[in-house]
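First the structure, then my questions, so here it is.
Nothing fancy with the numbering, it's 1 onward along the sequence. All figures in this text were calculated on a predicted structure; none of them were measured in a lab.
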Amino acid sequence: DSAYGHFGLISTETNIFELALATAREFRAGLRSFSDINQLEVECGIALHIAKNCVVDTHIVSLSTQMGAKIQKSFDTSSADIDLLHHMEKVVHRLPGSNIVMSKDFVAGLYKLRGHVVPLGSWAPATESKPIELFVLPSHSVQKEHIDNLQKFLSQSPTSSKAHVKKAA
């Protein structure tokens, strides 16, 4: 789940937005293949957003397993934007299949939109002070009525509720 949060750590000439989206698409295709081969229905929501001012802690973890000690690197990330990613994933779980939800900030970093990207509209989770624009790259399971229902849900979010208004002193 935190794999996408680490693309900014890569030193590359490649557009990290394109790289993250390509990885998300490949993960979704691999998950679909895994589901088909094993005759299981495994789905997930994938969220892509820019995580600014993100604290990244890299450390070594040692695990004791039946096959002996396993040592691996671990990355822990924390920021308000990482929390927003988790909220975005929860929103996209309202759609069937494995869908990729993207913030407007993320979409702005792409060279161009490829595939059937659908604007979902503005949405403001309780943790955000202002609404963000969301877009989805829907799975093959998503029908127009699913998108309509999600857009209705998002439009009814408390984008101007008291939770987003600072109290006067």
Side-chain angles (χ1 to χ4, degrees), residues 1-32 43-58 74-144 146-166:
D1 138 275
S2 64
Y4 303 113
H6 301 125
F7 279 102
L9 299 176
I10 299 170
S11 177
T12 180
E13 297 297 318
T14 306
N15 180 312
I16 59 172
F17 300 97
E18 296 287 340
L19 184 61
L21 181 55
T23 302
R25 286 179 176 196
E26 287 299 318
F27 178 80
R28 181 167 73 172
L31 189 59
R32 188 178 316 126
E43 301 172 347
C44 73
I46 301 169
L48 298 173
H49 176 61
I50 302 170
K52 299 174 184 173
N53 300 317
C54 186
V55 175
V56 180
D57 176 37
T58 307
S74 179
F75 297 89
D76 292 331
T77 56
S78 63
S79 79
D81 288 313
I82 297 294
D83 293 340
L84 177 59
L85 280 167
H86 292 292
H87 291 295
M88 289 168 61
E89 287 172 356
K90 286 181 183 177
V91 164
V92 83
H93 287 160
R94 292 178 167 272
L95 297 175
S98 294
N99 300 281
I100 302 169
V101 64
M102 301 169 284
S103 69
K104 183 178 180 179
D105 288 344
F106 182 86
V107 169
L110 296 170
Y111 292 130
K112 72 176 195 173
L113 290 177
R114 293 175 189 85
H116 180 65
V117 177
V118 179
L120 294 174
S122 292
W123 171 69
T127 57
E128 294 299 303
S129 61
K130 62 181 181 177
I132 62 167
E133 293 289 321
L134 294 180
F135 297 82
V136 68
L137 186 58
S139 72
H140 66 285
S141 303
V142 174
Q143 303 295 318
K144 183 181 181 325
H146 298 122
I147 295 290
D148 292 343
N149 289 338
L150 182 56
Q151 288 172 328
K152 182 179 178 182
F153 168 79
L154 293 173
S155 72
Q156 294 172 350
S157 72
T159 57
S160 61
S161 73
K162 293 177 185 174
H164 301 289
V165 178
K166 293 183 180 179

Handout entry: Partner set under side-chain hydrogen bond (donor to acceptor under 3.5 Å, both in side chains) for Lys112, not counting sequence neighbours
Key = none
Exercise for the section: Indicate the atoms forming the closest heavy-atom contact of Ala47 with Glu89, along with that distance. Expected result: CB-CG, 3.6 Å
Handout entry: Sidechain-backbone polar pair: Gln151 side chain, Gly121 backbone, donor-acceptor under 3.5 Å
Key = no
Exercise for the section: Go through Arg94 and Asn149 one step at a time and tell me if the side chain to side chain contact (heavy atoms under 4.5 Å, CB included) criterion holds. Expected result: CA-CA 9 Å; Arg94 292 178 167 272; Asn149 289 338; over 6 Å; no
Exercise for the section: For Phe135, enumerate each residue passing the ring-ring contact (aromatic ring centres under 6.0 Å, His included) test, keeping only those at least two apart in sequence or located in another chain. Expected result: none
Exercise for the section: Report the residue from Leu134, Ile46, Val117 that forms a side-chain contact (heavy atoms from CB on, under 4.5 Å) with Met102. Expected result: Val117
Completion exercise
Between Leu21 and Ile100 the two heavy atoms that sit nearest each other are CD1-CG2, 4.2 Å
Handout entry: Working for side chain to side chain contact (heavy atoms under 4.5 Å, CB included), residues Ile50 and Phe17
Key = CA-CA 9 Å; Ile50 302 170; Phe17 300 97; 3.6 Å; yes
Fill in the blank from the handout: Hits for salt bridge (Lys or Arg N to Asp or Glu O under 4.0 Å) against Glu133, two or more places apart or cross-chain, chain-then-number order -> none
Problem - Listed partners of Leu95 passing side chain to side chain contact (heavy atoms under 4.5 Å, CB included), at least two apart - result: Val92, Asn99, Val136, Val142, His146, Ile147, Leu150
Exercise for the section: Using salt bridge (Lys or Arg N to Asp or Glu O under 4.0 Å) as the criterion, list what pairs up with Lys144, not counting sequence neighbours. Expected result: Asp148
Problem - pair Val91-Val101: side-chain heavy atoms closer than 4.5 Å - result: no
Fill in the blank from the handout: Rounding to 0.5 Å, atoms CG (Leu19) and CG (Leu110) come to a distance of 11.5 Å
Practice task
Mind listing the closest non-hydrogen atom pair of Gly97 and Ser139 along with its distance?
Solution key: CA-OG, 3.5 Å
Problem - Euclidean distance, Arg25 CZ relative to Ser98 OG, rounded to 0.5 Å - result: 14.0 Å
Practice task
Might you point out which heavy atoms bring His49 and Leu84 nearest each other, and give the distance in Å?
Solution key: NE2-CD2, 3.5 Å
Practice task
List in chain and number order the residues that pass side-chain hydrogen bond (donor to acceptor under 3.5 Å, both in side chains) with Gln143, two or more places apart in sequence or in another chain; answer none if no residue qualifies.
Solution key: none
Practice task
Taking side-chain hydrogen bond (donor to acceptor under 3.5 Å, both in side chains) as the test, write out the residues that go with His140, two or more places apart.
Solution key: Arg32
